[in-house]
K.L.:
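Structure provided below as structure tokens; questions to follow.
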Amino acid sequence: MGETLQAPRGTRDLLPAETGRWARVEAALREVFARYGYGELRTPLFEHTELYVRGIGEATDIVGKEMYTFADRKGRSLTLRPEGTAGVVRAYAQHGLGQGEAGEAKLFYLGPMFRYERPQAGRFRQFWQAGAEAIGYADPMADAESVAMLVAALRAAGLKDLSVDVNSVGDAETRAAFRARLVSFVEGWSGPISAESRARCAVNPLRILDSKDPQDAELVAAAPKVTNHLGTRSSAHLASVLRHLDRLGVPYEVNKALVRGLDYYTDTVFEVLSADLGAQSAVAGGGRYDSLVGQFQAQPRPAVGWAIGLDRLVGLLEQRGLMEGSGGARAAVCCVGSRAFARGLALAEELRGLGVRTWFDPSGRRSLKSQFKQADAEGCLLALVLGDDELDRGEATLKDMRKGGQAPVALAGAAAEAARRLAGD
RNA sequence: GUGGAUGUAGCUCAGUUGGUUAGAGCACUAGAUUGUGGAUCUAGGGGUCGGGGGUUCAAAUCCCCUCAUCCACCCCA
């Protein structure tokens with residue numbers, strides 16, 4: 001404490017007790033991505049600032065006040081990635097990843113993102129996301145498949161009860177028209193309105209719709225909803241997505257108040273929420289973004305994707321007791337005396353060579369009693385005991401940590417015998 | 001960026017209106033059991049009381065500043 005250095009604000013160390021759980025969640029997600037035919041893309045942790053300004057939108061909070069932006073030694077403006085989609089789209093365009101006429105590609109990523117926000121429950125400055133992007137797919141089936149994969153991924157990770165909130169924010173034209181309609185409605189509004197919402201009216205009016213300020217409750221209730229003003233194409237698209245979701249048995253609810261904070265979304269948007277997460281209730285979110293790819297290459301491509309907040313997902317699983325602890329060592333080598341410790345080190349190594357998770361105390365200082373205590377805490381099923389007596393007879397004592405019995409075994413074959421016994425269980 | 005709460009041992013926390021060597025439980029080490037764990041008992045190690053400044057004969061305790069954590073606003077995964 002005191003003078004000892006701490007991790008920077010909003011960052012955290014994931015300790016050995018938790019990393020095992022994270023690894024299992026990540027493995028489950030990777031398995032689902034593979035099942036749906038998505039390939040992993042690893043993009044840089046930082047990109048040219050311009051990528052995010054153009055891609056996410058200048059008016060968004062992320063770009064406006066949450067980015068870690070810095071100049072490198074040559075004065076270029078770089079930014080730690082605040083989200084994954086923009087980088088994926090950039091890499092897609094740069095490497096011509098699209099297949100065939102439609103430029104199809106299914107890509108996933110998993111890694112840390114960075115946003116300069118005030119830390120809070122479920123909110124960190126460095127946080128982890130796993131995301132999937134299907135580029136080159138315009139059909140509503142792609143939206144449905146993407147949502148189905150999200151549900152499969154969350155279930156594979158261990159989340160049991162979940163439902164997806166779905167909505168449509170319309171295509172570019174509907175959005176522009178609706179934006180104008182909403183702005184004029186708000187300008188003509190004579191009831192109560194929060195200062196924030198008044199300010200948002202000029203920069204990002206859609207966000208007024210999901211204001212949580214009680215002052216805005218009346219306004220939000222009375223305001224027009226995008227969903228009710230969709231163009232023919234957009235409403236047909238939404239209806240088709242919902243039909244496919246019904247057929248797939250994906251649990252969802254239409255939420256007309258759902259509006260996402262990134263500018264690039266068009267038509268379908270969706271979120272998975274959990275009341276158990278406190279104020280930061282979104283576990284995952286995503287949607288369609290048909291006009292983003294065209295900003296980075298001549299050929300525009302439709303796309304759908306989402307991202308899961310891993311910190312929140314893991315937190316939820318831990319909270320609900322849905323995660324098992326990771327397995328510790330299975331065998332221990334316990335020694336008495338310096339000669340025995342030296343031989344024990346080699347014996348432990350031999351066991352590890354046979355693939356056995358082995359606990360050994362290389363300090364050589366602890367009492368036998370303490371060594372057994374540790375071995376027990378590690379969950380060892382058996383222990384090999386070495387002392388001067390055993391060494392002189394060319395033996396080791398093989399002890400069953402569960403039943404308590406023990407018997408001598410030839411030192412030369414002790415590791416193999418222990419491995420055989422463990423495999424037999 | 002705004003508001004509220006909180007910082008005492010590795011962890012969870014006591015510490016009465018300021019009073020002398022700052023405590024408990026868990027964990028750790030050792031002993032009881034001269035080489036045998038998961039129970040018990042005993043002993044021990046471990047703290048510049050987040051940091052800095054101030055008030056006072058005296059500060060973990062009161063005041064100011066600062067850093068950090070938690071919660072909410074905001075934002076989003």
Side-chain angles (χ1 to χ4, degrees), chain A residues 1-12 15 17 56 60-66 82-85 110 112-131 150 154 194-197 199-200 204 207 210-215 258-262 270-274 277-286 305-316 332 334-337 340 359 363 365-391 397-406:
Chain A
M1 313 272 269
E3 292 183 19
T4 63
L5 217 43
Q6 298 181 18
R9 180 148 212 224
T11 69
R12 57 180 181 159
L15 306 181
I56 303 174
T60 62
D61 278 37
I62 294 181
V63 172
K65 45 192 180 190
E66 297 176 359
E83 58 100 52
T85 304
L110 196 160
M113 306 294 164
F114 307 85
R115 289 184 203 170
Y116 191 93
E117 297 181 272
R118 188 97 170 243
Q120 198 184 317
R123 190 166 78 184
F124 306 94
R125 290 184 172 181
Q126 175 176 337
F127 59 99
W128 291 69
Q129 283 191 342
L150 172 58
L154 292 172
S194 66
E196 290 75 24
S197 288
R200 270 189 292 229
N204 200 356
R207 288 219 64 91
D210 64 356
S211 168
K212 274 177 266 170
D213 194 316
Q215 271 191 89
L258 175 57
V259 173
R260 317 225 62 241
L262 285 72
F270 49 90
E271 274 183 1
V272 175
L273 305 171
S274 170
L277 282 174
Q280 308 302 312
S281 58
V283 184
W306 47 255
I308 297 174
L310 295 183
D311 305 79
R312 292 179 189 176
L313 175 58
V314 172
L316 204 51
C334 303
C335 308
V336 185
W359 180 88
S363 81
R365 274 186 289 110
R366 259 171 277 277
S367 67
L368 188 60
K369 173 179 174 144
S370 170
Q371 292 179 57
F372 275 116
K373 216 169 163 181
Q374 290 241 8
D376 185 52
E378 287 286 323
C380 292
L381 298 176
L382 51 82
L384 281 165
V385 189
L386 271 185
D388 289 340
D389 302 357
E390 285 91 346
L391 282 185
T397 299
L398 180 58
K399 177 181 167 76
D400 186 320
M401 296 292 282
R402 283 284 161 76
K403 294 168 191 159
Q406 60 183 48

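All of these numbers come straight from a predicted model, not from anything done at the bench. First the proteins, then the strands, lettered A, B, ... as listed; each starts at 1.
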K.L.:
Could you give the CD-to-P distance, from A:Glu117 to B:C74, as a whole number of Å?
P.N.:
13 Å
K.L.:
Could you let me know what B:A68 is paired to, Watson-Crick or G-U wobble, both distances under 3.5 Å, or none if it's on its own?
P.N.:
B:U6
K.L.:
Considering only atom P, compute the distance from B:U48 to B:A39 and round it to an integer number of Å.
P.N.:
31 Å
K.L.:
Can you check the distance between B:C26 and B:G44, where both ends of the measurement are the P atom (answer in whole Å)?
P.N.:
16 Å
K.L.:
With a 3.5 Å cut-off and heavy atoms only, can you find an N or O donor on one side and an acceptor on the other between the side chain of A:Lys399 and the base of B:U36?
P.N.:
yes
K.L.:
I want to verify a distance call: between B:A30, B:G37, B:G35, whose nearest atom is closest to the A:Val385 side chain?
P.N.:
B:G35
K.L.:
Please give me the minimum heavy-atom distance between A:Ser274 and A:Val283, naming the atom from each residue.
P.N.:
CB-CG2, 4.1 Å
K.L.:
Between atom CD in A:Glu83 and atom P in B:A77, what is the gap in whole Å?
P.N.:
8 Å
K.L.:
Could you give the distance separating B:U16 and B:U8 at their P atoms, to the nearest angstrom?
P.N.:
16 Å
K.L.:
As a test of reading the structure: which of B:A77, B:A30, B:G37 is closest to the side chain of A:Phe127, going by heavy atoms?
P.N.:
B:A77
K.L.:
Would you indicate which nucleotide in B:C74, B:C28, B:G35 comes nearest to any side-chain atom of A:Leu368?
P.N.:
B:G35
K.L.:
For the residue pair A:Gly84 and A:Gln129, what are the closest heavy atoms and their distance?
P.N.:
N-OE1, 4.1 Å
K.L.:
Both A:Ser367 and A:Arg118 contact RNA chain B. Taking the nearest nucleotide for each, which residue is further toward the 5' end?
P.N.:
A:Arg118
K.L.:
Mind checking if A:Ala375 touches a base, just sugar-phosphate, or nothing, with heavy atoms under 4.0 Å?
P.N.:
nothing
K.L.:
B:U36 P sits how many Å from A:Leu384 CG, rounded?
P.N.:
17 Å
K.L.:
Where is the tightest heavy-atom contact between A:Arg9 and A:Arg125, given as atom of each residue plus distance?
P.N.:
O-CD, 3.3 Å
K.L.:
Across all strands shown, which nucleotide pairs with B:G25 by Watson-Crick or G-U wobble geometry, both distances under 3.5 Å?
P.N.:
B:C11
K.L.:
Checking contacts here: which listed nucleotide (B:G37, B:A77, B:A72) is nearest the side-chain heavy atoms of A:Ala279?
P.N.:
B:A72
K.L.:
Could you tell me whether A:Gly10 contacts a base, only the sugar-phosphate backbone, or nothing, with contacts defined as non-hydrogen atoms closer than 4.0 Å?
P.N.:
sugar-phosphate
K.L.:
Should B:G31 form a Watson-Crick or G-U wobble pair with both distances under 3.5 Å, which nucleotide is its partner?
P.N.:
B:C41
K.L.:
Under the side-chain contact (heavy atoms from CB on, under 4.5 Å) test against A:Phe124, which residue among A:Arg12, A:Glu117, A:Arg115 passes?
P.N.:
A:Arg12
K.L.:
Scan A:Glu378 against the nucleic acid and name what it touches under 4.0 Å (heavy atoms): base, sugar-phosphate only, or nothing.
P.N.:
nothing
K.L.:
Under 4.0 Å from OP1 or OP2 of B:C76: is there any side-chain N or O of A:Ser281 that close?
P.N.:
no
K.L.:
If you go through the side-chain atoms of A:Gln371, does one of them form a donor-acceptor pair with the base of B:U36 closer than 3.5 Å?
P.N.:
no
K.L.:
Output the rounded distance in Å from CZ (A:Arg115) to P (B:G1).
P.N.:
18 Å
K.L.:
Could you identify the nucleotide paired to B:G19, looking across every strand shown and requiring Watson-Crick or G-U wobble geometry with both distances under 3.5 Å?
P.N.:
B:C57
K.L.:
Answer with base, sugar-phosphate or nothing: what part of the nucleic acid does A:Glu66 contact at a heavy-atom distance below 4.0 Å?
P.N.:
sugar-phosphate
K.L.:
Using modelled atom types and a 3.5 Å cut-off, is there a donor and acceptor pairing between side-chain atoms of A:Glu390 and backbone atoms of A:Gly387?
P.N.:
yes
K.L.:
Would you say B:C67 has OP1 or OP2 under 4.0 Å from some side-chain N or O of A:Arg9?
P.N.:
no
K.L.:
With side-chain contact (heavy atoms from CB on, under 4.5 Å) as the test, would you mind laying out the steps for A:Asp400 and A:Leu382 before giving the verdict?
P.N.:
CA-CA 5 Å; A:Asp400 186 320; A:Leu382 51 82; 5.6 Å; no
K.L.:
Assign A:Gly404 to base, sugar-phosphate, or nothing according to its heavy-atom contacts below 4.0 angstrom with the strands shown.
P.N.:
base
K.L.:
So, does A:Gln120 get its side chain near the phosphate of B:C73, meaning an N or O under 4.0 Å from OP1 or OP2?
P.N.:
yes
K.L.:
For B:G38 versus B:U21, give the span between their P atoms, rounded off to a whole number of Å.
P.N.:
39 Å
K.L.:
Counting only distance, no hydrogens or angles, is the base of B:C76 paired donor-acceptor with the side chain of A:Arg312 under 3.5 Å?
P.N.:
yes
K.L.:
Give the rounded distance in Å between these two atoms: CZ of A:Phe114 and P of B:C76.
P.N.:
19 Å
K.L.:
Measure the distance from CD on A:Gln126 to P on B:A77 and round it to the nearest whole Å.
P.N.:
17 Å
K.L.:
Checking base pairs now: Watson-Crick or wobble, both atom distances under 3.5 Å. What partners B:G1?
P.N.:
B:C73
K.L.:
Evaluate A:Asp389 against A:Val336 for side-chain contact (heavy atoms from CB on, under 4.5 Å), listing each step before the verdict.
P.N.:
CA-CA 10 Å; A:Asp389 302 357; A:Val336 185; over 6 Å; no
K.L.:
Partner lookup for B:U36, please. Criteria are Watson-Crick or G-U wobble with both distances under 3.5 angstrom; report none if nothing qualifies.
P.N.:
none
K.L.:
Could you tell me which non-hydrogen atom of A:Trp306 sits nearest to which non-hydrogen atom of A:Phe270, and how far apart they are?
P.N.:
CB-CE1, 3.6 Å
K.L.:
Could you measure between the two P atoms, the one in B:C67 and the one in B:G52, and give it in whole Å?
P.N.:
15 Å
K.L.:
Assign A:Thr60 to base, sugar-phosphate, or nothing according to its heavy-atom contacts below 4.0 angstrom with the strands shown.
P.N.:
nothing
K.L.:
Which heavy atom of A:Ala375 sits nearest to which heavy atom of A:Trp359, and what is that distance?
P.N.:
CB-CE3, 4.5 Å
K.L.:
Distance check, P atoms only: B:G23 and B:C49, in whole angstrom units.
P.N.:
14 Å
K.L.:
In whole angstrom, give the distance that lies between atom CZ of A:Arg365 and atom P of B:G44.
P.N.:
21 Å
K.L.:
Taking only side-chain N and O atoms of A:Gln374, does any of them lie within less than 4.0 angstrom of OP1 or OP2 on B:U29?
P.N.:
yes
K.L.:
For B:A72 versus B:G31, give the span between their P atoms, rounded off to a whole number of Å.
P.N.:
49 Å
K.L.:
Check the distance between B:G38's C1' and A:Leu381's CG and give it to me in whole angstrom.
P.N.:
14 Å
K.L.:
Under 4.0 angstrom, heavy atoms only, what part of the nucleic acid is A:Gly278 near: base, sugar-phosphate, or nothing?
P.N.:
sugar-phosphate
K.L.:
Using the C1' atoms only, state how far B:U61 lies from B:G25, rounded to an integer number of Å.
P.N.:
23 Å
K.L.:
If each of A:Asp376 and A:Val259 is mapped to the nucleotide of RNA chain B with the nearest heavy atom, which maps nearer the 5' terminus, i.e. the 5' end?
P.N.:
A:Asp376
K.L.:
Could you please name the option among B:G35, B:U29, B:G31 that lies closest to any side-chain atom of A:Lys369?
P.N.:
B:G31
